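Below you'll find the structure, written out as structure tokens, and then a few comments.
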Amino acid sequence: MSLLPTTSIAAIAGYAGQTVTLSGWIYNKTEKGKLIFLMLRDGSATIQCVVFKKNVAEDVFARAQQLTQESACRITGVVRADERSASGYELDVQGVEIVSLTHDYPISPKEHGVEFLMEHRHLWVRSAKQHALLRIRAEVIAAAQEWLNAQGFIRYDSPILTATAAEGTTNLFGTDYFDLGRAYLAQTGQLYVESGMMSFGKVYCFGPTFRAEKSKTRRHLTEFWMIEPEVAFADHDDNMALQEQFVSAIVQRVLERRGEDLRTLERDTAPLERVLAPFPRISYDEAVELVNARHGEVEGCTAMEWGEDFGAPHETLIAQQFDRPVFVERYPSAIKAFYMEPDPGRPEVALCADLLASEGYGEIIGGSQRIHDPVLLEARIREYGLNVDDYQWYLDLRRYGTVPHSGFGMGIERAVAWISGTRHIRETIPFPRQLYRIYP
RNA sequence: UCCCCGAUAGCUCAAUGGUAGAGCAUCUGACUGUUAAUCAGAGGGUUCGUGGUUCGAAUCCACGUCGGGGAGCCA
């Protein structure tokens, strides 16, 4: 005999008038003398179960009284439409089976502080808002992969343990690797995914990436998930066109399928409904001018000189000028990675773009056309102070059948934070890894 | 690494240098429509740690620990 639940609360409308058995956890209980309200959660949704003393056997009522918050149980009853219920349905209880009783569940329905909740993250994920948010994360991931698959992309995973720093820019987590010395946790899969691009034409990798930066802001994690598509015979403009289609498709699918979760999170969906290609594009040069003309509009936003990178307040100011995500393109090569193709008309800038989400959520995508000329690429590797020997395999990709190609990386947690309207990125992943937190 | 802020009951927070408080949670009782139920009662404290100032420190000072927000860096 299977223990699996036969009826899910999400599908309860189809059982009106019928007797069903629901399996789940008590998320709240209200006792009113001879009447008990049990709020039952089964992972799919919640429903209020009503126990009237005179309608049930004495032992059933006694067991209902015993139930506490987060006790596991099976409840049998008749599904009844009721206007007083938020979901439109209630369960008139006939039977209660206790699976396990919980005592002293730490998270009450009242308010809690961040530290307490993060310390109990393994339990916090049961709470309504966290539940809705992690569902949206799952939808974003599914939408991203399925959209790429439908466009003919092949998933091509990159290694997490690598011998050298891919981009040579950020700090990496290191570990001992047998007799071969140090190994590092990947900060990007991009270089590897370029090899797949030469094999399959259109590929993407998807997995965790690691940055040992001592970043301590609501936009940073030391471990985060990134999806990185790479396309052969695609230039900078093709790349931006792909990105805007990709992001629009993800946002529209979340609106379509996770509307209830967005309501739980009280997310204003009007800005999301506007997220449709094409997205506006401004050049780095224009963005610098804009910052210098209007930096007073955002707190902490200062004037800047050409050649400097944008800080978080600058990104907020730039994004504020548009009603949907905006591409900032053609940054100075000096502040970008070594592999970015120079603009043929202006070699001091790169054929790259960052996509800034609206509403102050900042950069969610960074992408570029990659250098395909082996001589230029090798020169850049040297200019950036990297060891050419470490990059021989990467240079091989240009020695054998090189073509112009482009790609980008989207940070899943930042995208989820933006789409769900969540202020802090730490809630968009089940177990966030941060500078001062690795438990639980 | 730098700047700012915080730590008091299980949780969220009060307390002018002068007896340690409330709401919620827990326990007891009442209640047939609650949605963070309500009402009555009870229990619950190494005020983060160490040192200092003071007749007297939760409160002021120093150092430390842990955490939060931001900067830089980035997705």
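Chain A is the first sequence line, chain B the second, and so forth, proteins listed ahead of strands; every chain is numbered from 1. In this text the structure is predicted, and so the values were computed from the model without any measurement.
Aromatic ring orientation, A/W225 versus A/F206: tilted (interplanar angle from 30° to 60°). Ring geometry for A/Y331 against A/F310 counts as perpendicular: the plane angle is over 60°, on a 0 to 90° scale with 30° as the lower cut.
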A/Y184/A/F210 under ring pair (Phe, Tyr, Trp, His ring centres under 6.0 Å): CA gap, chis, key distance, verdict: CA-CA 9 Å; A/Y184 301 91; A/F210 306 86; over 10 Å; no

Full working for side chain to side chain donor-acceptor pair (under 3.5 Å) between A/Y394 and A/S195: CA-CA 8 Å; A/Y394 188 60; A/S195 71; over 6 Å; no

Audit row: A/R370, A/E341, salt bridge (charged side-chain N to carboxylate O under 4.0 Å, His left out) steps and yes/no: CA-CA 5 Å; A/R370 326 300 193 188; A/E341 178 77 11; over 6 Å; no

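Of all nucleotides present, none satisfies the Watson-Crick or G-U wobble test against B/U16 with each distance under 3.5 Å. Nucleotide B/U38 forms a pair with B/A30, judged by Watson-Crick or G-U wobble geometry with both contacts under 3.5 Å. Base-pair partner of B/C66: B/G6 (Watson-Crick or G-U wobble, both distances under 3.5 Å). Within the shown strands, B/C11 is the pairing partner of B/G23 under the Watson-Crick or G-U definition, both distances less than 3.5 Å. Applying the Watson-Crick and G-U wobble criteria (two distances, each under 3.5 Å), B/U1 pairs with B/A71. Taking a pair to require two hydrogen-bonding distances under 3.5 Å in either a Watson-Crick or a G-U wobble arrangement, B/A58 remains unpaired. Base pairing analysis places B/G44 opposite nothing; no Watson-Crick or G-U wobble pair with both distances below 3.5 Å involves it.
Shown here for A/I47 and A/I12, the closest heavy-atom pair between the two residues is CD1-CG1, 3.9 Å. A/D309 and A/M304 make their closest contact through O-CE, 3.9 Å (heavy atoms, listed as atom of the first residue, atom of the second, distance). In this structure, A/S406 and A/H236 approach most closely via the heavy-atom pair OG-N, 3.8 Å. Residue A/M226 comes nearest to A/R211 through the heavy atom pair CE-NH2, 4.0 Å, listed as atom of the first residue, atom of the second, then distance.
Atom CZ in A/R135 sits 9.5 Å away from atom OG1 in A/T264 (nearest 0.5 Å).
Rounded to the nearest Å, the gap between the C1' atom of B/G56 and that of B/C66 is 30 Å. On the P atoms, B/G68 is 13 Å away from B/U12, given to the nearest whole Å. B/G44 and B/A20 have their P atoms separated by 15 Å, given to the nearest Å. Rounded to whole Å, the separation between the P atoms of B/G10 and B/U16 comes to 22 Å. On the P atoms, B/U38 is 7 Å away from B/C24, given to the nearest whole Å. For B/G17 and B/G41, the C1' atoms lie 36 Å apart once the distance is rounded to whole Å. Going from the C1' atom of B/A36 to that of B/G45 covers 26 Å, rounded to whole Å. Comparing the C1' positions of B/U1 and B/C60 gives an interatomic distance of 30 Å, to the nearest angstrom.
Under a cut-off of 6.0 angstrom, the local environment of CD in A/E359 is crowded, with over 12 non-hydrogen atoms contributed by other residues, nucleotides or ligands.
Following rounding to the nearest Å, A/I419 (CD1) and B/A75 (P) show an atom-to-atom distance of 18 Å. The interatomic distance linking A/F116 (CZ) with B/U8 (P) rounds to 13 Å, in whole Å. Rounded to an integer number of Å, the gap from NE2 of A/H112 to P of B/G67 is 20 Å. The nearest whole Å value for the distance from the CD atom in A/E427 to the C1' atom in B/G68 is 14 Å. When rounded to the nearest whole Å, the span between CG of A/L356 and P of B/C74 equals 14 Å. Residue A/F310 contributes atom CZ, which lies 17 Å from atom C1' of B/A75 at whole-angstrom precision. If you take CE of A/M304 and C1' of B/G72, they are 14 Å apart, rounded to a whole angstrom. Protein atom NE2 of A/H314 is 15 Å distant from nucleotide atom C1' of B/C73, rounded to whole Å.
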Under 4.0 Å protein heavy-atom contacts per nucleotide of nucleotides 32-40 of chain B, with B for base, S for backbone only and - for none: BBBBBB---

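Here B/G69 is the nucleotide among B/G69, B/A75, B/G68 with the atom lying nearest to any side-chain atom of A/H424.
Contact check, A/R219 against B/G69: no side-chain N or O comes under 4.0 Å of OP1 or OP2. In this structure, A/R426 reaches the B/G69 phosphate: one of its side-chain N or O atoms is under 4.0 Å from OP1 or OP2. Note on A/R218: every side-chain N or O is 4.0 Å or more away from OP1 and OP2 of B/A75.
Residue A/G311 is in sugar-phosphate contact alone, with no base atom involved, counting any heavy-atom pair closer than 4.0 Å across all strands shown. Residue A/A415 is out of contact with every strand shown, counting any heavy-atom pair closer than 4.0 Å. When heavy atoms are screened at a 4.0 angstrom cut-off, A/D309 is found touching the sugar-phosphate backbone but no base atom. Heavy atoms of A/I36 sit nowhere under 4.0 angstrom from any nucleic acid atom. A/I365 comes within 4.0 angstrom of the backbone, heavy atoms only, and of no base. Using a 4.0 Å heavy-atom distance criterion, A/T217 is classed as a base contact.
Nearest-nucleotide positions on RNA chain B place A/P313 closer to the 5' end than the other of A/R414 and A/P313.
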What N/O pairs connect the protein and nucleotides 1-5 of chain B at under 3.5 Å? Give each pair on its own line.
unit_1: B/U1; atom_1: OP1; unit_2: A/K214; atom_2: NZ; d: 3.0
unit_1: B/U1; atom_1: O4; unit_2: A/K214; atom_2: O; d: 3.0

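One can find a donor-acceptor pair under 3.5 Å joining the base of B/C74 and the side-chain atoms of A/H220.
A/R294 and A/Q321 share a donor-acceptor pair across their side chains, judged by distance under 3.5 Å alone.
The side chain to side chain contact (heavy atoms under 4.5 Å, CB included) test with A/P432 singles out one residue from A/R121, A/R437, A/E427, and that residue is A/R121.
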